[in-house]
Amino acid sequence: MTRIFDDKVDIDLTVNGEPVEARVPAGQHVIDFLRQDLGLTGAHASCEHGVCGACTVQVDGTSVRGCLMLAAQLDGADVWTIEGLSDSETIRDLQEAFIARNALQCGFCTPGMLVAAEELLALGGVPERAAIREHLSGNYCRCTGYEAIVDAIETVARQRAGKVQA
Amino acid sequence: MTVRFGNPDRPNSYIGKTVPRPNAGRLVEGRGRYVDDISLPRMVHVVFVRSQFAHAKILGIDAEEAKSVKGVLRIFTGTDLAEVCTPWVAVLEHLKGLKSPPEHPMAMDRSCWVGEPVAAVVATSRAAAEDGAVLVEVDYDPLPVVADMMTALDAATPVLHPEMGDNLAFQRLHEQGDVDSVFETAHKVVSANFKTARHTGVTLEPRSILVDWNPSEGQMTAYHATQAPHMMQTVLAEHLDVPESRVRVICGDVGGSYGIKVHVYPDEVATAAIAKIMARPVKFIADRLESFTTDIHARDHEIDAKIAVDAEGKILALDVDDWTAIGAYSVYPRTSAIEGNQVVNLCGGPYDFPNYRAKTTVVFQNKTPTCQYRAVGHPIAVAVTEGLVDMAAAELGMDPVEIRRRNMYADDTYPVTSPANMRFEGLSHHQSMDKLLELMDYDALRADQAEARGRGVHRGIGIASFIELTNPSPFMYGIGGARISAQDGCTVRMDPDGSIVAMSGVTEQGQGTEAMLSQIVAEGVGVLPSNVRVITGDTQVTPYGGGTWASRGAGIGGEAALRSARALRDSILEVAASMLQAVQASLDIRDGHVVDAETGAKRMPLEELGRIVYFRGDTLPKGLPRELVQTRHYITSEYPFAFTNGVQASYLEVDTETGIVTLLKHWCVEDCGRIINPQLVDEQIRGGIVQGLGGALFEEIHYDDDGQLLNGSMADYLVPMASEMPDMVVGHIETPTQESALGAKGAGEAGTAGAPAAVMNAINDALRPLGAQVTEMPFTPERILRALGVIEE
């Protein structure tokens, strides 16, 4: 049997600041690689075609759907998941605001929601509520009705803007 | 055993305060533990081959090629599993006439809906199992399909289950007063046809179960995303022939449930059966297509209804003819007749009127089974009732608020029995309406609407009053023979350092059960909420209980927690009185210290009491009871259900050129009795509203005439996303139930119950000057444009 394609791919990357080398099936998605091979179960698989945002992680500074990207594409990438963002305290203020405002219920969407929110907050300034809602429009939450999430993000944006000015 | 709720400055006053959820911290850090996060040694994965036909004879299953896939271990058919698992029949004795055939965990020789499991492929990885599943050849012989609800009982329609005689699963007619003669003579009669679309819950975490069978101990352990672990324990024990004491159901973090995860699913029982055969852990996680085709559906109703009013707007009679189609089987063990039954029970709910007739007709069809989903029956009953009330008001030229005020039960009239024979202990329709109008500034909103109309912008205000059924007694399921517990229990213990552990039979799916319980136990014992560790979702550890459904967690689980906490307090104080040579009644526990009740002076930390009881029991009097662990169970007994009430309002704009509805704002005032944690209640209301808004504007499962599900993805079945949802204002009236010391009723479903009707009424308020009206949900741009005559057939 002639093999036209390799069905395994070697990748060398950084995940949450730690070096990772792996040999992954060519068809494996990023979310399955992170969850099954690296034990990073914080991000979740849900709709499996990029609609719900539960699998959102950071790849090279941009939020990415873990179900739409192949692990084989991660060679050389800098990946951050909710575990790394928590350990590094990068989004501590956002996490605290989510807890204080009860901006999560079942918590299944929350890791992806936080990565999406941080992407918006990293742009700086205090976005309008409509802009926050628009930015979250690819992250499905069935529990909260979104308002508490918008409140929490708005609060953090204000806090961060205040700190910048001070 | 009283708590002085009237005094906000009472000691340990945690009930009624916003206290952070103890489990939120781990969830924001991605440290949650959902079923799919768990891996066990020797674990295998099961993937189901599912029927592609809505109705077909299964002539044969050829698994040879699938077995050749690397990693595939075994393939099972329905007959294989029938050897270890008995079938079930989902009926309830009190729903007279309800019938349904026996159902197996996998189809035996016939499949009855698209998605029904036909074969199971077990492999060392999910990917290998999926590769194997596509190679399983099933030889189907298609049979005639029953797809349409309204013709299901016609003579020309084939009978889905011939042994049942016809396609009628259940029918109930309730009649009070002289409906027909009132309709003949009434000042005004308004009628309408309503449709509520087929929905599903779309839990972000798909259905998930991991079952381990250890034959050497005869022990089954199921890690399960469920709302009712003890019910599942009982079901697995009964159908897989294991003693209940040897079935442990562990329910960790659950990624959304909303009623979806309170039912017995064939593929989940099949997973347990396979684990028992293979004697190793088997994991099943539904994928998204499976979620759409096999999670229960709900709300597929068509209703003809009419209302009779007099010239003053008093409701004289209501007549409701409800039809629903429930798929191929009644769902075990709650049955699929409850939703239709609820429509009969709930229509006209807020109103004091004499003549009522309601009939529900529940039929079989070759589609995914329907069953109880958040606010069971309520959104349908509220839409029918409130839709008709608004139409009657329009006919009379009366304001929609005014017609409601003239008909709602007076706040001082309770207890009262409704024309549907529902007993209301105490409701607050008028106070709630007053508060709603104040919050929304009704008059200003009407002025804004008129101003917009002047600019050619069509805005509408919609009001919907409602009642909500909470805290169910055994009258809901138990009296019908279902082993579904209406009682619940809590065990509270003090550890040596004075910290408290509470183990409850109600479960957490994100609504804040553990926070609510920690507050109640903290107040009941006299410690800080942060010193209470709450354990839920483990049948081997927690007292037997019903779990979390029908808005019962706070009202029933909370009362059990309060009683057990107060009992532990008494036990502690008995020991303390002995140690301190004091009269027990003169002591209290505050912030983890035994204190003098009169002065609050600290007498002894609980830590010291724990040290003596656990390590120096020799120093205590010989006969002194020293059980620092107490269990109490609670069941309601005065009323079959604790009804709550509320009223919602929607303000929206309809674009008459595109048919698009923009939600501007939403209000809800509700009365769930004693509020334990204001923030958690508000967020339950908000989340519930948005679930209702989804039903009003977006959500609809589509099937074709062959029973094929057409929109099985999240790109095709639309759910509410952040950008389309409004901000919501939530207010409360508190009418505690007198049945319990806590006084709490449920709050989990009120938002969903009233939101669709409020939106429908708001859209029709906007369209009325244009002569258009919509009554078929969801109110898509297409339906609105058809109503406006912009699109024609």
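Values in this document were obtained by computation on a predicted structure and should not be read as measured data. Per chain, numbering begins at 1; letters A, B, ... match sequence-line order.
- A:L114 touches chain B through its side chain: at least one heavy atom from C-beta onward sits under 4.5 Å away, while N, CA, C and O do not.
- Of residues 87-111 of chain A, those residues lying under 4.5 Å from chain B by any heavy-atom pair are A:D87, A:R92, A:Q95, A:F98, A:I99, A:A100, A:R101, A:N102, A:L104, A:Q105, A:C106, A:G107, A:F108, A:C109, A:T110, A:P111.
- With a 4.5 angstrom heavy-atom cutoff, B:R31 touches chain A only via side-chain atoms.
- Taking SG from A:C67 and CZ from B:R288, the interatomic distance works out to 11.0 Å, rounded to the nearest 0.5 Å.
- Residue contact with chain A, scored on non-hydrogen atoms closer than 4.5 Å, involves the backbone and the side chain of B:V202 alike.
- Between atom CZ of residue A:R133 and atom OG of residue B:S723 there is a gap of 8.5 Å, rounded to the nearest 0.5 Å.
- In terms of heavy-atom pairs under 4.5 Å with chain B, the best-connected choice from A:S86, A:A131, A:A148 is A:S86.
- Ranked by non-hydrogen atom pairs under 4.5 Å with chain A, the options B:Q509, B:Q679, B:R126 are led by B:Q679.
- The CD atom of B:E683 sits 11.0 Å away from the SG atom of A:C143 when rounded to the nearest 0.5 Å.
- For B:D682, there are no salt bridge (charged side-chain N to carboxylate O under 4.0 Å, His left out) partners two or more places apart in sequence or in a different chain.
- For B:E724, no part sits under 4.5 Å from any heavy atom of chain A, backbone or side chain.
- With 3.5 Å as the limit, one finds no donor-acceptor pair spanning the side chains of B:T203 and A:R142.
- Contact of A:E48 with chain B is made through the side chain alone, with heavy-atom distances under 4.5 Å.
- Within residues 37-45 of chain A, the residues having any heavy atom under 4.5 Å from a heavy atom of chain B are, by residue number, A:T41, A:G42, A:H44, A:A45.
- Of the atoms belonging to A:H49, it is side-chain heavy atoms, and not backbone ones, that fall under 4.5 Å from chain B.
- One distance of note links SG of A:C47 with CE of B:M714; it measures 6.0 Å at 0.5 Å rounding.
- Across every non-hydrogen atom of B:G30 and A:I82, the tightest pair is CA-CG2, 3.7 Å.
- Shown are B:V730, B:I689, B:V729, B:D727; of these, the side chain to side chain contact (heavy atoms under 4.5 Å, CB included) with A:E147 is made only by B:D727.
- Atom CZ of A:R129 is surrounded by more than 12 heavy atoms from other residues, nucleotides or ligands within 6.0 Å.
- A distance of 4.5 Å separates CE in B:M721 from OH in A:Y146, rounded to the nearest 0.5 Å.
- Both the backbone and the side chain of B:D36 come within less than 4.5 Å of a heavy atom in chain A.
- For A:R23, the salt bridge (charged side-chain N to carboxylate O under 4.0 Å, His left out) criterion is met by A:D10, not counting sequence neighbours.
- Contact count versus chain A (heavy atoms, under 4.5 Å) is highest, among B:G255, B:P206, B:S125, for B:G255.
- Comparing B:A286, B:S713, B:S257 by how many heavy-atom pairs each has under 4.5 Å with chain A, the most go to B:S713.
- Ion pair A:R35/B:D37 flagged as a salt bridge, since at least one NZ, NE, NH1 or NH2 atom sits closer than 4.0 Å to an Asp/Glu carboxylate oxygen.
- With chain A as the partner, the residue from B:P720, B:A127, B:G751 showing the most heavy-atom pairs under 4.5 Å is B:P720.
- Between atom CG of residue B:D287 and atom OG of residue A:S46 there is a gap of 10.5 Å, rounded to the nearest 0.5 Å.
- Nearest approach of A:G145 to B:M725, heavy atoms of both residues: O-CB, 4.4 Å.
- Residue contact with chain B, scored on non-hydrogen atoms closer than 4.5 Å, involves the backbone of A:T144 exclusively.
- Contact of B:V690 with chain A is made through the side chain alone, with heavy-atom distances under 4.5 Å.
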